[in-house]
Amino acid sequence: MRTDGYPMEKYNPQAIEAKWQRRWEEEQTFRAAEDAAREKYYLLVMFPYPSGRIHMGHVRNYAIGDVMARRQRMNGKNVLHPMGWDAFGMPAENAALKEGVHPGEWTWRNIDAMRRELKTMGLSYDWSRELATCDPAYAHWEQALFLKLYEKGLVYRKTSLVNWDPVDQTVLANEQVIDGRGWRSGALVERRELAQWFLRITAYADELLAGLDKLPGWPETVRTMQSNWIGKSRGLEFSFALKGRSDRLTVYTTRPDTILGVTFCSIAPEHPLARETAQRDPAAAAFVRECLSGAVTEESLERAEKKGFDTGLQALHPLTGEAVPIYIANFVLMSYGSGAVMAVPAHDQRDFEFARKYQIPVKVVIQPADRKLVPHLMTEAYTGPGVQVHSGPYDGLDNETAKQRIIDDFQDKGLGEARVNYRLRDWGISRQRYWGNPIPMIHCPSCGVLPVPAEQLPVPLPQDVEITGAGNPLERHPTWKNVPCPKCGAAARRETDTMDTFMESSWYFLRYCCPDLNSAPLDRARVDHWMPVDHYVGGIEHAVLHLLYARFFHKALRDVDQVSCDEPFSRLLTQGMVRKDTHRCPTHGWLYPQESVEGEDEAGLCCVHCGQPVVIGRNEKMSKSKRNVVDPGELIAGYGADTARLFMLFAAPPERDLEWSDSGVDGAWRFLGRLWRLTLELHERAPDAQPARTLPENAELRKLRRKTHATIAKVTDDFERLQFNTGISAVMELINDGGQTLAQSPDPLPPETAAVLRELAESALLLLHPYVPHVTEELWERLGHEIPLSRQSWPVADPEALTKEEWTIVVQVNGKLRARLVVPAETPDAVLEEMALEDERVQTHLMGKTVRKIVVLSGRLVNIAAA
RNA sequence: GCCCGCGUGGCGGAACCGGUAGACGCAGCGGACUUAAAAUCCGCCGGCCGAAGGCUGUGCCGGUUCAAAUCCGGCCGCGGGCACCA
């Protein structure tokens with residue numbers, strides 16, 4: 001490309017980006033309003049927690065979302081693309097603890113800082129719909145929704161276990177428990193029972209599971225994960241009579257076929273029978289206490305050794321009448337089924353280990369086809385298929401048939417019921433924290449637990465609060481919790497628990513539809529207009545909890561007449577993580593990228609503090625703790641938002657992890673430079689050229705125009721497939737070809753050349769606009785356009801220019817490439833076959849062989865099978 | 001342990017329905033321009049043997065097919081989810 005004689009203005013992203021961001025804001029380009037005439041498109045990205053700074057994960061998430069939003073706008077859709085803040089949560093309280101700043105002040109300050117940072121990315125949000133979940137207005141309507149669910153019977157209170165820090169006198173979240181100790185006090189964490197609020201998500205277990213099949217736009221992995229999380233199982237519920245007592249022991253099993261192999265029962269430490277035993281037996285009490293010590297984290301539970309305690313009670317087998325012992329076992333969960341299990345050591349691994357440890361008999365009732373199980377020789381349980389033995393009337397049946405027959409028989413005799421169980425538990429939403437939304441309930445000593453009357457909402461958080469890390473700040477507040485009972489007027493007490501922050505993220509996408517509404521949580525008409533979300537973009541880490549809670553909450557809201565659709569998110573795109581290698585100095589530990597510098601000689605990277613060689617570690621998710629982070633602010637300040645966005649979108653397809661690469665960023669920068677120079681030089685040399693509308697006379701130019709239109713088709717298609725990286729590479733090719741043609745063309749440019757290049761450049765700007773909106777707007781304007789690119793339509797490929805005038809035919813002999821034929825398009829198969837056989841190189845490879853078969857794929861390939 | 005997903009050059013990745021493996025980019029090498037550097041532009045770039053050309057090659061082994069990175073079976077490796085759910 002020639003540059004002499006054309007002193008060209010350099011690409012200056014900082015100036016351009018500020019200009020266009022200002023312009024879009026002034027012109028309200030991305031303001032969304034309901035419009036019955038146009039098809040709506042709701043593009044949602046997961047709103048961030050306002051930690052204070054944006055990180056590369058945000059940049060990637062929001063770049064992907066913005067590309068899709070801008071693309072749909074160019075497609076003529078009426079796009080809603082909002083942004084807000086997931087603003088309640090523990091970090092604000094931690095900051096309060098550390099820096100003495102009020103959580104609210106800290107949060108709002110962070111929101112301002114992050115909004116400023118996000119705005120430098122040039123994202124096409126409708127900022128007029130911005131919301132923060134800690135805003136009293138948002139919290140107000142969330143409390144109102146909570147009460148609607150309460151009225152519907154979807155909210156209830158029950159006791160449940162929490163992590164209790166005995167020194168700080170406070171409840172700990174799982175992540176605050178480190179090696180079984182409180183993160184601040186270091187005290188051994190205890191399990192403590194506390195009355196807490198729950199949402200009845202299990203009432204929707206079946207619908208949540210079945211709904212997954214109606215979400216073809218969701219990644220298979222996410223659906224599988226949710227399905228496993230719900231964990232539906234079918235089995236039999238029945239009860240054992242207890243020897244010498246009138247009460248019974250209810251159990252649930254998925255293996256009724258093994259029922260005649262029962263040699264004991266086990267119950268959870270929290271089971272009523274275990275409590276009863278503990279009351280009369282100090283040794284049992286000690287065992288139960290031991291089981292309940294330690295944190296509730298999965299980690300600690302899973303490591304625990306299997307232990308039991310014989311209650312001395314005996315269960316009577318419903319079929320044989322045989323008496324079997326009942327053990328308290330530390331691995332039985334009170335929260336699943338009935339908290340009691342029939343134990344079949346021969347056919348369940350846990351029961352087997354337990355039986356061996358406590359010398360309980362093993363009774364085989366299923367024999368596999370390939371070997372014979374002998375109880376005292378077994379080293380593990382047999383859980384596979386087989387034939388029933390020692391099973392009385394069921395002997396000889398295969399176990400699957402026996403399973404059904406036993407369920408039927410139990411039902412017929414009224415001994416038990418077929419039952420479905422779920423792994424999914426009800427959603428505990430109580431948090432003993434300050435910085436969350438208060439649960440709007442009141443405890444009256446005489447009237448019991450009552451909802452706060454609607455006209456008294458919202459329950460506000462007190463501003464004058466002391467965050468000490470000990471106890472629950474709301475509980476400790478001197479006056480806040482004192483209120484008159486709404487029913488009897490007597491002195492009552494507010495609920496001091498606040499809601500899980502997953503509550504806020506379960507309906508924010510609905511509130512975006514009507515953020516200004518101040519008379520109700522939601523405006524049904526506007527919500528119905530925009531919902532469901534057409535495409536939701538966010539991190540895979542939210543595959544289960546957030547996305548399952550939001551689906552549940554949405555269905556619950558549907559059942560209290562707040563929304564109409566069944567599922568909130570039609571399509572889901574889960575983007576991969578941003579990763580980078582880690583740098584570690586033997587002395588100074590993890591290093592930030594700027595702390596490891598190129599050493600002398602060939603020493604590689606060295607620590608900037610001590611000069612020792614740096615150990616390059618694994619490529620891992622960017623995280624502060626490993627210090628393998630790159631600050632988006634610096635990247636954007638240095639290269640501009642367009643380069644940052646282009647790199648993020650080009651380096652990997654969205655679903656895959658993205659590996660950070662400094663030189664990859666340089667590559668993106670260089671490409672924008674090429675685009676810049678090509679467009680400006682073309683405009684200098686042919687300022688009045690109009691884009692070509694027909695195929696040129698000149699063969700080379702014809703080819704170039706065909707390339708332009710093939711690129712339009714390819715990028716359009718790649719958008720459908722969400723393959724942003726390959727779409728960008730197609731435009732790169734086009735720009736490379738265009739640059740070559742321009743460099744090789746005489747001055748002044750022949751009109752035909754100018755027209756083809758003009759069309760090429762304009763097409764490239766249109767195609768690239770969703771990815772790199774600022775530089776394309778600027779170049780578009782410099783080409784003389786008055787209507788900005790952000791209001792232009794997506795280009796359509798000219799069908800004539802998409803047809804090929806020649807074919808390149810691949811010729812294979814026995815599947816191996818031997819020749820290429822360039823022929824006029826539409827050459828008949830017979831001619832292709834003939835030409836292939838006549839080809840000199842093909843002849844060489846056919847020498848001494850007999851042609852067995854010839855496969856011709858019109859326009860593409862001829863394969864000659866010979867032997 | 002169970003359930004998913006993935007293994008392609010020095011690197012990120014492409015090849016969409018089984019049909020030219022390695023597009024595009026990075027790194028590297030060579031060259032042009034320049035007093036020089038930067039920037040920019042051009043060329044080369046899986047491995048082996050070579051002059052043309054040939055052989056080989058998509059984690060490994062086998063199968064289906066005229067044709068396999070792609071489909072099937074079995075291994076190996078990596079990543080993720082769940083993990084006493086009876």
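Residue numbers begin at 1 in each chain, while the letters A, B, ... track the order of the sequences.
Glycosidic torsion of B/G28 falls outside 90° of 0, placing the base in anti. A glycosidic torsion no more than 90° from 0 defines the syn conformation, and B/C17 adopts it.
Picking from B/A86, B/C55, B/C4 the nucleotide with the shortest atom distance to the side chain of A/R818 gives B/C55. Comparing B/C41, B/C85, B/U56 by their closest approach to the side chain of A/K816 singles out B/U56.
Figure legend: A/K306 and A/F331 shown as a cation-pi pair, the cationic atom lying under 6.0 angstrom from the six-membered ring centre and within 45 degrees of its axis.
No engagement by A/R852 is indicated, since no non-hydrogen atom pair under 4.0 Å with the nucleic acid exists. A/G231 comes within 4.0 angstrom of nothing in the nucleic acid, heavy atoms only. At the heavy-atom level, A/H845 lies under 4.0 Å from the strands shown only through sugar-phosphate atoms.
A side-chain donor from one of A/E353 and A/Q349 sits under 3.5 Å from a side-chain acceptor of the other.
The base of B/A86 sits within donor-acceptor range of the side chain of A/R350, with an N or O pair under 3.5 Å.
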Please output the side-chain donor-acceptor pairs of residues 728-739 of chain A that fall under 3.5 Å, not counting sequence neighbours, one pair per line with the distance.
unit_1, atom_1, unit_2, atom_2, d
A/S729, OG, A/T726, O, 3.0
A/E733, OE1, A/K707, NZ, 2.9
A/N736, OD1, A/R674, NE, 3.2
A/N736, ND2, A/M732, O, 3.4

Could you pull out the protein-nucleic contacts involving nucleotides 6-13 of chain B (nitrogen or oxygen on both sides, under 3.5 Å)?
unit_1, atom_1, unit_2, atom_2, d
B/G12, O2', A/A651, O, 2.8
B/G13, O3', A/N725, ND2, 3.4

Report, one pair per line, the protein and nucleotides 16-19 of chain B atoms (nitrogen or oxygen only) whose separation is under 3.5 Å.
unit_1, atom_1, unit_2, atom_2, d
B/C16, N3, A/D717, OD2, 3.4
B/C16, N4, A/K714, NZ, 3.3
B/G19, O2', A/R860, NH2, 3.4
B/G19, N2, A/N863, ND2, 3.0

